[in-house]
Amino acid sequence: MSFILNIETATKNCSVSIAKNGETILCKEIAEEGYSHAEKLHVFIEEIITESGISVQDLGAVAVSQGPGSYTGLRIGVSAAKGLCYALNIPLIAVDTLETLASRVSVSEGKIIPMLDARRMEVYSEIFTSDFKRERAIQAEIISEESFSEYKDVLYFVGDCAEKCKPVLTKENFVFLEEIKYPSAREMSKISYDKYQKSDTVDVAYFEPYYLKDFMMTLPSKK
């Protein structure tokens, strides 16, 4: 019996789940414009452990979203996951954020393209088959009318980029599932359990989130 705590903080969605043998038992999450991860994450972890009827000593591993995504959000999630793994002497599992987002889609054919907003017309994207096999690795790319034009399959786009990408990506085989905006720890459960069974873990001391791009700080304008 393996209980895994899953932490997803790469986007505006602060999400935590407990899973038993790859099945989600309980999930708590909230998506807010203000990125309240620093205030919500540890509260969610404590609540979900208590409400699921287990103790932290029952955890076999902690899984955390590795990115790409929000620099601050990723740092908060990874710091919390590392702290738990150190304290409990259990393994840390890193899960691809875009794979988790793609896993929220249920289609029988075509391709799934999870996209997360970067800057201006840039997105972080990846391409999966309908049965979640990775077809193209993560890229940071600028979206234009020619993006993904080489694909003739139906393409299902998910993520928080619909508002800026839908007016540009207008081909008939492009479908935007706008209700699926953010990755959730609920969908991390199967992915993290598969990795746990294969001992696909990361070094707690040296693991760093996958930012994909360097962090850029915007300084306030001088008055």
Side-chain angles (χ1 to χ4, degrees), residues 6-15 17 24 27 29-35 37 63-74 77 94-192 194 209-213 216:
N6 299 289
I7 298 172
E8 166 55 65
T9 57
T11 66
K12 292 176 182 176
N13 192 30
C14 180
S15 182
S17 73
T24 300
C27 179
E29 57 191 351
I30 186 169
E32 294 182 328
E33 290 295 324
Y35 282 92
H37 301 19
V64 68
S65 183
Q66 69 176 4
S70 158
Y71 180 92
T72 303
L74 288 169
V95 176
D96 173 3
T97 303
L98 291 173
E99 182 179 1
T100 300
L101 178 56
S103 297
R104 299 194 63 190
V105 179
S106 179
V107 292
S108 59
E109 58 185 5
K111 313 289 184 191
I112 303 168
I113 303 183
M115 298 193 301
L116 290 177
D117 195 13
R119 291 186 282 272
R120 298 182 178 87
M121 286 307 294
E122 193 169 18
V123 302
Y124 304 126
S125 69
E126 201 165 359
I127 300 177
F128 293 86
T129 61
S130 59
D131 56 352
F132 308 116
K133 291 183 173 61
R134 184 176 286 102
E135 188 164 293
R136 196 207 70 189
I138 299 171
Q139 291 183 10
E141 59 186 317
I142 296 172
I143 297 299
S144 72
E145 293 179 355
E146 298 306 311
S147 298
F148 311 109
S149 59
E150 69 271 27
Y151 290 91
K152 305 308 175 188
D153 312 80
V154 177
L155 303 185
Y156 296 95
F157 295 94
V158 292
D160 60 358
C161 302
E163 186 175 349
K164 74 178 185 181
C165 292
K166 196 173 180 181
V168 179
L169 300 176
T170 58
K171 290 183 170 54
E172 290 184 358
N173 59 318
F174 293 175
V175 177
F176 282 84
L177 304 178
E178 296 182 58
E179 69 277 10
I180 303 176
K181 293 185 69 174
Y182 305 119
S184 168
R186 190 183 303 277
E187 279 72 38
M188 287 178 69
S189 298
K190 184 181 183 305
I191 302 170
S192 60
D194 288 345
Y210 180 49
Y211 299 117
L212 196 59
K213 294 177 65 176
M216 290 184 65

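Values below: every heavy atom of this structure, side chains too, minus hydrogens, waters and symmetry copies. All of these numbers come straight from a predicted model, not from anything done at the bench.
Looking at E141 and S147, their side chains never bring a donor and an acceptor atom within 3.5 Å of each other. No hydrogens or angles considered: nothing links the side chains of N13 and T11 as a donor-acceptor pair under 3.5 Å.
Note: F157 and F174 have perpendicular aromatic rings, judged against thresholds of 30 and 60 degrees for the angle between ring planes.
For the pair Y210 and I138, the minimum side-chain heavy-atom distance is below 4.5 Å. When side chains are defined from C-beta on, D96 counts as touching E126, because their heavy atoms get closer than 4.5 Å. Between M115 and C165 there is a side-chain heavy-atom pair separated by less than 4.5 Å. A heavy-atom distance below 4.5 Å is found between the side chains of E135 and Y151. Proximity of D160 to L116: side-chain heavy atoms (C-beta onward) are separated by under 4.5 Å at one or more points. Between E99 and F128, some side-chain heavy-atom pair lies under the 4.5 Å cut-off. Counting only heavy atoms from C-beta outward, the side chains of I143 and F148 approach each other to under 4.5 Å. Residues V158 and R104 fail the side-chain proximity criterion, which asks for heavy atoms closer than 4.5 Å.
Judged by distance alone, the side chain of E8 and the main-chain N or O of A10 form a donor-acceptor pair under 3.5 Å. With K111 contributing its side chain and K152 its backbone, the two residues share no donor-acceptor pair below 3.5 Å. With T9 contributing its side chain and G73 its backbone, the two residues share a donor-acceptor pair below 3.5 Å. Although no hydrogens or angles enter the test, the distance criterion places a donor-acceptor pair under 3.5 Å between the side chain of T24 and the main chain of R186.
For E172, the CD atom sits in a loose shell: 12 or fewer heavy atoms of surrounding residues, nucleotides or ligands are nearer than 6.0 Å. Heavy atoms of other residues, nucleotides or ligands lying less than 6.0 angstrom from CD of E109 number 12 at most.
For the side-chain hydrogen bond (donor to acceptor under 3.5 Å, both in side chains) with N6, the lone residue among S65, S184, S17 that qualifies is S17.
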### Task
Test side-chain contact (heavy atoms from CB on, under 4.5 Å) on S108 and S130 and set out the steps.
CA-CA 6 Å; S108 59; S130 59; 5.9 Å; no
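Here the closest heavy-atom approach between residue R134 and residue A137 is recorded as CD-CA, 4.4 Å.
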